[in-house]
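Each remark here refers to the structure printed beneath this line.
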Amino acid sequence: MATQRQKDASDYLKKHKIMELMDNLTSMLFFYRPENPREFLIEQLEQLKMSQQSGVRGPHLFNNTNLKAVFGILDPANQTYITFAQYKQALATLGVKDINECPEGVNEDRISFETFKTEAIQGLQRCSATYE
């Protein structure tokens, strides 16, 4: 059975989203592989602090170019859409946990890049909201 001290520590981690913050920073390290990881982490934390103060979302792992590349891999014939199954798998691979099950185009099983991009960005922002 968990002690009160363990429960307090767990509550603290949840309240301040420490695990999410660490996951985001670790993902960014693996993605960018900076020459100086400590300096990179300091810069990311400074950006997060500034974003908290300004109300603007902090740094993200994926931008429009990255998302377009992911979509392009899923749509090699350039049909301008992907299937709902591809959409779900791609968002899960990007780390989006709460996937919209009814995106625009789901009834036709044709998810456009714009819908994919919007859902990915919104999902990634929810995942990376490490500051309250």
Side-chain angles (χ1 to χ4, degrees):
M1 184 172 276
T3 67
Q4 184 60 39
R5 190 171 273 192
Q6 289 171 321
K7 183 180 180 329
D8 290 346
S10 177
D11 290 346
Y12 178 84
L13 292 174
K14 286 179 187 170
K15 178 183 176 185
H16 296 284
K17 299 182 179 183
I18 301 298
M19 298 310 294
E20 292 88 342
L21 174 62
M22 299 310 294
D23 285 346
N24 289 339
L25 291 172
T26 302
S27 295
M28 292 181 90
L29 274 175
F30 287 133
F31 185 77
Y32 291 109
R33 299 181 188 265
E35 287 295 316
N36 187 336
R38 287 186 181 105
E39 188 64 32
F40 177 82
L41 289 172
I42 290 168
E43 289 172 15
Q44 296 309 307
L45 289 170
E46 287 173 349
Q47 285 183 25
L48 286 170
K49 183 178 180 180
M50 287 188 302
S51 71
Q52 178 192 24
Q53 292 168 347
S54 68
V56 176
R57 294 283 185 182
H60 297 288
L61 197 56
F62 297 97
N63 59 27
N64 191 53
T65 303
N66 302 128
L67 294 174
K68 194 172 258 186
V70 169
F71 191 87
I73 290 168
L74 298 171
D75 181 25
N78 202 21
Q79 300 176 89
T80 70
Y81 66 87
I82 57 175
T83 67
F84 180 64
Q86 289 173 311
Y87 155 88
K88 283 179 64 172
Q89 183 60 49
L91 291 182
T93 300
L94 293 174
V96 176
K97 293 175 176 59
D98 54 343
I99 295 170
N100 178 0
E101 295 287 334
C102 297
E104 186 176 325
V106 69
N107 293 335
E108 298 82 27
D109 200 26
R110 293 181 174 206
I111 310 299
S112 71
F113 172 68
E114 286 305 315
T115 298
F116 171 75
K117 180 176 79 169
T118 299
E119 296 294 333
I121 290 171
Q122 289 174 356
L124 290 166
Q125 285 177 340
R126 287 189 300 272
C127 291
S128 67
T130 53
Y131 280 109
E132 296 180 336

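How far OG1 of Thr83 is from CD of Glu108: 13.5 Å, rounded to the nearest 0.5 Å. Rounding to the nearest 0.5 Å gives a distance of 11.5 Å between CD1 of Ile82 and CD1 of Ile73.
Counting only distance, with no hydrogens or angles, the side chain of Asp109 and the backbone of Phe84 share a donor-acceptor pair below 3.5 Å.
Sorted by first and then second residue, the pairs that involve residues 70-92 and meet salt bridge (charged side-chain N to carboxylate O under 4.0 Å, His left out), not counting sequence neighbours, are Lys88-Glu101. Listed by first and then second residue, the salt bridge (charged side-chain N to carboxylate O under 4.0 Å, His left out) pairs that reach into residues 110-120 are Glu114-Lys117, sequence neighbours excluded.
Using the six-membered ring where Trp is involved, Tyr87 and Phe116 have ring planes that are perpendicular, over 60° apart on the 30 and 60° scheme.
Residues Val106 and Pro103 are in side-chain contact: their nearest non-hydrogen atoms beyond the backbone lie under 4.5 Å apart. Side chains of Leu91 and Asn100 form no contact here, defined as non-hydrogen atoms less than 4.5 Å apart.
Ala120 and Val96 make their closest contact through O-CG2, 4.2 Å (heavy atoms, listed as atom of the first residue, atom of the second, distance). The shortest heavy-atom contact between Leu74 and Gln86 is O-NE2, 3.2 Å.
Met22 and Leu13 fall within the same hydrophobic cluster, defined by Ile, Leu, Val, Met, Phe, Trp and Tyr side-chain heavy atoms under 4.5 Å apart, directly or through other members.
Partners of Pro37 according to the side chain to side chain contact (heavy atoms under 4.5 Å, CB included) rule, which considers only residues two or more places apart in sequence or in another chain, are Leu29. For Gln89, the side chain to side chain donor-acceptor pair (under 3.5 Å) criterion is met by Thr93, not counting sequence neighbours. Evaluation of the side chain to side chain donor-acceptor pair (under 3.5 Å) rule for Gln79 yields Tyr81 as partners, not counting sequence neighbours. Every residue two or more places apart in sequence or in another chain was checked for a side chain to side chain donor-acceptor pair (under 3.5 Å) with Thr80, and none qualifies.
Of the options Arg5, Gln6, Gln4, a side chain to side chain donor-acceptor pair (under 3.5 Å) to Asp8 is made by Gln4 and by none of the others.
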